[in-house]
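Just so it is clear: chains get the letters A, B, ... in the order the sequence lines come, proteins before strands, and each one is counted from 1.
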Number of protein chains: 2
Amino acid sequence: MYCNNKNYSMSNGRFAISVHILTLLASEPEQYCSSEYLSGSININPVLVRKELVNLRNHGLVISKEGKTGGSTLAKSAGLIAMSDIYDAVREKQFLGKSINEPNPACTIGRQINQHLDDLYRESERALMQSLDKMTLAEFLQKFS
Amino acid sequence: MYCNNKNYSMSNGRFAISVHILTLLASEPEQYCSSEYLSGSININPVLVRKELVNLRNHGLVISKEGKTGGSTLAKSAGLIAMSDIYDAVREKQFLGKSINEPNPACTIGRQINQHLDDLYRESERALMQSLDKMTLAEFLQKFS
DNA sequence: TATTACTGAAATGAAAATTGTTACAGTTTA
DNA sequence: TAAACTGTAACAATTTTCATTTCAGTAATA
């Protein structure tokens with residue numbers, strides 16, 4: 001849908017942070033939550049929250065409003081957002097990673113390994129996505145008592 | 001089986017590097033390959049290769065021999081090594097990651113999110129492993145012409 | 001219309017993680 | 001004893017991640 005390959009490299013906290021943001025928004029439907037409020041629960045800097053919100057917005061998961069009383073809210077019902085949508089929004093590069101350096105093209109193995117890793121990753125990421133398809137944000141929220 | 005949580009944090013190139021190492025070893029059965037040779041194909045520092053070999057050895061995937069004519073070789077037939085075994089060897093922490101900071105325990109969502117993320121990760125990682133189970137190192141090697 | 005409370009975004013810095021390098025003791029072969 | 005390796009530590013360089021500051025722009029509202 002949209003891809004901002006600017007600064008991030010799919011990795012650490014981004015999925016967790018986006019899930020956290022969206023869960024908070026889902027728990028306060030009809031409300032616009034400020035980045036300050038969100039960052040208070042996640043315990044990270046509000047500017048980072050706003051950066052994640054840019055991405056979630058670009059992927060059609062949240063809507064933001066500027067100005068006083070501004071903030072963010074879910075762009076659609078939590079029942080219509082799957083965990084795989086969130087994964088898809090934060091995903092970049094290949095989830096199992098590649099070596100930073102180019103393998104040796106003079107070597108039979110080195111010359112082809114990235115192609116074959118790509119194939120393997122594609123297949124296993126598909127399995128991962130299928131699993132993440134099974135839970136919606138609404139179902140995830142229900143776990144919180 | 002074994003876990004060396006010393007310096008690494010499951011992430012980027014390690015899976016790819018370990019697959020590369022093992023593919024090279026599988027392509028030269030009956031031989032002990034030096035870390036120099038392996039690093040030449042991967043295009044990384046031989047010391048890094050030796051560090052990965054420590055891990056693969058600890059997980060029972062390779063055997064190494066010291067001294068002149070030393071090097072490493074597969075500990076078992078490539079047909080008996082699944083990609084999931086390699087994933088398992090390099091895996092650490094949670095593959096989708098957590099925020100570095102502790103979420104706010106005073107918040108209903110913050111207090112429980114890590115527990116629920118754990119559950120989600122466990123389930124989706126199981127799906128990933130099942131997918132990686134399907135290919136052996138021998139099958140992977142066959143793709144190289 | 002001035003104030004307040006937000007977002008959006010850039011720029012910069014600090015901290016952490018990753019990768020590279022050097023060095024050298026120990027092992028085995030010949 | 002020399003040569004060619006492994007094993008490992010220590011440290012440097014690089015890259016990535018996360019935090020902070022700052023400020024322009026927007027919208028509500030008193």
Side-chain angles (χ1 to χ4, degrees), chain A residues 4-18 20-21 25 28 31-40 42-58 62-73 90 92-93 96-103, chain B residues 4-18 20-21 25 28 31-40 42-58 62-73 90 92-103:
Chain A
N4 66 334
N5 273 324
K6 288 163 211 155
N7 298 313
Y8 300 112
S9 82
M10 165 59 191
S11 59
N12 298 318
R14 295 229 296 135
F15 179 75
I17 287 171
S18 283
H20 198 146
I21 289 173
L25 296 185
E28 310 277 7
Q31 284 204 341
Y32 282 81
C33 300
S34 74
S35 61
E36 196 82 34
Y37 168 73
L38 299 171
S39 72
I42 306 173
N43 193 17
I44 62 173
N45 195 285
V47 174
L48 292 183
V49 171
R50 293 207 283 270
K51 281 184 184 165
E52 279 311 315
L53 286 169
V54 170
N55 184 54
L56 294 172
R57 204 158 52 235
N58 286 336
V62 310
I63 293 172
S64 301
K65 205 171 67 173
E66 292 191 341
K68 191 172 178 178
T69 78
S72 298
T73 193
V90 300
E92 289 180 22
K93 303 188 177 176
L96 287 179
K98 292 272 182 63
S99 176
I100 276 186
N101 305 323
E102 277 301 304
Chain B
N4 65 334
N5 272 325
K6 286 166 213 153
N7 298 314
Y8 300 112
S9 83
M10 164 59 191
S11 59
N12 297 318
R14 297 228 295 135
F15 179 76
I17 288 171
S18 284
H20 198 148
I21 289 172
L25 297 185
E28 310 277 8
Q31 284 204 342
Y32 282 80
C33 300
S34 73
S35 60
E36 196 82 34
Y37 167 73
L38 299 171
S39 72
I42 306 174
N43 193 18
I44 61 172
N45 195 284
V47 175
L48 291 183
V49 172
R50 294 207 282 271
K51 282 182 185 171
E52 278 311 314
L53 286 169
V54 171
N55 184 52
L56 295 172
R57 202 156 57 234
N58 286 336
V62 311
I63 293 171
S64 301
K65 207 171 67 172
E66 291 191 343
K68 192 174 177 177
T69 77
S72 298
T73 192
V90 300
E92 290 181 21
K93 303 190 178 174
Q94 279 152 320
F95 74 126
L96 286 179
K98 293 271 183 61
S99 176
I100 277 186
N101 306 324
E102 277 301 305

(request) Determine, for nucleotides 20-30 of chain C in 5'-to-3' order, which nucleotides have protein heavy atoms under 4.0 Å from the base (write B), from only the sugar-phosphate (write S), or from neither (write -). (result) BBBB---BBB-
(request) Send over the distance from I42(B) CD1 to dT19(C) P, rounded to a whole Å. (result) 12 Å
(message) So, using side-chain hydrogen bond (donor to acceptor under 3.5 Å, both in side chains) as the criterion, who are the partners of S34(B) when residues are at least two apart?
(response) none
(message) So, using side-chain contact (heavy atoms from CB on, under 4.5 Å) as the criterion, who are the partners of N45(A) when residues are at least two apart?
(response) V47(A), L48(A)
(message) Would you say that L56(B) contacts S18(B) through its side chain, given a criterion of any heavy-atom pair below 4.5 Å between the two side chains?
(response) yes
(message) In whole Å, I'd like the distance from the CG atom of L53(A) to the P atom of dC6(C).
(response) 14 Å
(message) Measure CZ/F15(B) against C1'/dT19(C) and give the value in whole Å, please.
(response) 20 Å
(message) Just the rounded figure in Å: distance from P of dT6(D) to CD of E52(B).
(response) 15 Å
(request) Measure the distance from CD on E36(A) to C1' on dT21(D) and round it to the nearest whole Å. (result) 14 Å
(message) Base, sugar-phosphate or nothing for S35(B)? Non-hydrogen atoms, less than 4.0 Å.
(response) sugar-phosphate
(message) Rounding to an integer number of Å, can you tell me how far I21(A) CD1 sits from dT7(C) C1'?
(response) 14 Å
(message) What is the distance, to the nearest angstrom, from the OH atom on Y37(B) to the C1' atom on dT6(D)?
(response) 18 Å
(request) State, to 0.1 Å, how close A16(A) and K98(B) come at their nearest heavy-atom pair, and which atoms those are. (result) CB-CA, 3.9 Å
(request) Can you tell me the distance, in whole Å, between the CG atom of L56(A) and the P atom of dT7(C)? (result) 14 Å
(message) Restricting to non-hydrogen atoms, name the atom on I21(A) and the atom on V49(A) that form the minimum distance, rounded to 0.1 Å.
(response) CD1-CG1, 4.1 Å
(request) Could you tell me whether the phosphate oxygens of dG7(D), OP1 or OP2, come under 4.0 Å of any side-chain nitrogen or oxygen in R57(B)? (result) yes
(request) Could you tell me the separation between the CG atom of L25(B) and the NE2 atom of H20(B), rounded to the nearest 0.5 Å? (result) 10.0 Å
